[in-house]
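Before any comments, here is the structure.
Here the structure is a predicted model, which is why all the values come from computation and not from measurement.
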Amino acid sequence: MPYRLTPLGVAVLALLRDRPMHGYEMFQILVDRRADRIVKVRPGSLYHVVDRLAEEKLIRRAATSRHGNRPERAIYEITDAGVEALTERVRELVAIPTDEFPQFVTALAEMHHLDTDTAAEAVSSRVAALEADVAEMMALRDANAASTAVVVALDYLLATTRAQVTWLREFAAALDSGDLPWQHAPRLDAIADSGSEVEK
């Protein structure tokens, strides 16, 4: 099966297209640019991706560097194949919608297992968390703490998060007012009891 660039792989190749650097520098730049709002960044996963990109010949070791008593660090650069893979994957991700199966959609589909009050409280908690996310993203954007490219992504996240908040508020209002028909999932013991009745 051909290797498909992950979001973190895309981020690494994009950094190396700017200039060669070592793994820890990549990690620091991603954190400093607040790219961690866009892609999950952990040192272990980043080094794993770097190793895989090197195996796929999308990047190569260009040199090593040493500062003081620290161990030598490999400096990587992007290859021509890496540039091609980066641009093709970004084009593909922009052009072709994919089912990402967010966990929250699964929870919505099964939320009838909660009573109305518990469901409304959970939705309110989610709204509060998303509103805090909106405030943080706006502060990042307004403080110029993110690069121009990251600002575009933050603007998209802001728009989609605000849309979620609007939808969730309307959903919570429908729950509170009783306008939303709410059928609780039957309890297992109730199902067992009804089965026993049928057998009789």
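- Distance alone, capped at 3.5 Å, is enough to place a donor-acceptor pair between the Thr166 side chain and the Arg162 backbone.
- Rounded to the nearest 0.5 angstrom, Lys57 NZ and Asp80 CG are separated by 14.5 Å.
- Taken from NE2 in His22 to CD1 in Ile75, the straight-line distance is 6.5 Å, to the nearest 0.5 Å.
- Here the OH-OH distance, from Tyr24 to Tyr47, works out to 8.0 Å after rounding to the nearest 0.5 Å.
- Nearest heavy atom pair, residue Ala95 against residue Pro97, reads O-CD, 3.5 Å.
- In the hydrophobic clustering of this structure, Val165 does not group with Val105; members are Ile, Leu, Val, Met, Phe, Trp, Tyr whose side-chain heavy atoms approach within less than 4.5 Å, directly or through other members.
- Between Glu121 and Arg126 there is no salt bridge, since no side-chain N of the basic residue sits under 4.0 Å from a carboxylate O of the acidic one.
- The main-chain N or O of Leu5 is found under 3.5 Å from a side-chain atom of Arg89 such that the two form a donor-acceptor pair.
- Between the side chain of Thr160 and the main chain of Tyr156, a donor-acceptor pair closer than 3.5 Å is present.
- Under a 4.0 Å N-O distance rule, the pair Glu25/Arg19 qualifies as a salt bridge.
- Other residues, nucleotides and ligands place no more than 12 heavy atoms under 6.0 Å from the CD atom of Glu84.
- Of all the heavy atoms in Leu30 and Ala11, the pair that sits closest is CD2-CB, 4.1 Å.
- Considering every non-hydrogen atom in both Ile78 and Leu58, the closest pair reads CG1-O, 3.6 Å.
- Atom NZ of Lys40 is separated from atom OG1 of Thr6 by 12.0 Å, given to the nearest 0.5 angstrom.
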Exercise. Can you list the steps and then say if Val50 with Phe27 is a side-chain contact (heavy atoms from CB on, under 4.5 Å)?
Worked result: CA-CA 11 Å; Val50 166; Phe27 174 74; over 6 Å; no
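- Across all non-hydrogen atoms, the minimal contact from Val123 to Ala172 is CG1-CB, 3.9 Å.
- Between Phe171 and Trp167, the ring-plane angle classifies as parallel under the 30° and 60° cut-offs.
- Listed here is the closest heavy atom pair of Thr161 and Leu157: OG1-O, 2.6 Å.
- No side-chain donor-acceptor contact under 3.5 Å links Tyr76 to the backbone of Leu53.
- Ala74 and Thr64 make their closest contact through CA-CG2, 4.3 Å (heavy atoms, listed as atom of the first residue, atom of the second, distance).
- In this structure, the side chains of Val127 and Gln164 stay at 4.5 Å or more apart for every pair of heavy atoms.
- For the pair Met26 and Leu8, the minimum side-chain heavy-atom distance is 4.5 Å or more.
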Problem set entry | Check against side-chain contact (heavy atoms from CB on, under 4.5 Å), Met111 and Leu175 | CA-CA 12 Å; Met111 209 162 89; Leu175 281 174; 4.3 Å; yes
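- Note that CD of Gln103 and CG of Leu108 are 12.5 Å apart. Values are rounded to the nearest 0.5 Å.
- Residues Arg91 and Thr87 form no side-chain contact, since every pair of their non-hydrogen atoms from C-beta on lies 4.5 Å or further apart.
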Exercise. What's the verdict on salt bridge (Lys or Arg N to Asp or Glu O under 4.0 Å) for Glu92 and Arg4, showing C-alpha distance, side-chain angles and the deciding distance?
Worked result: CA-CA 11 Å; Glu92 181 183 274; Arg4 288 177 66 80; 3.0 Å; yes
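- Two residues are said to be in side-chain contact when any heavy atoms from C-beta on lie closer than 4.5 Å; Arg33 and Leu15 meet this criterion.
- Here the CG atom belonging to Leu154 is positioned 5.5 Å from the CD1 atom belonging to Ile38, to the nearest 0.5 angstrom.
- Looking at Asp99, its side chain never comes within 3.5 Å of a backbone N or O of Phe101 through a donor-acceptor pair.
- Enclosure of atom CD in Glu110 by more than 12 non-hydrogen atoms of other residues, nucleotides or ligands within 6.0 angstrom is indicated.
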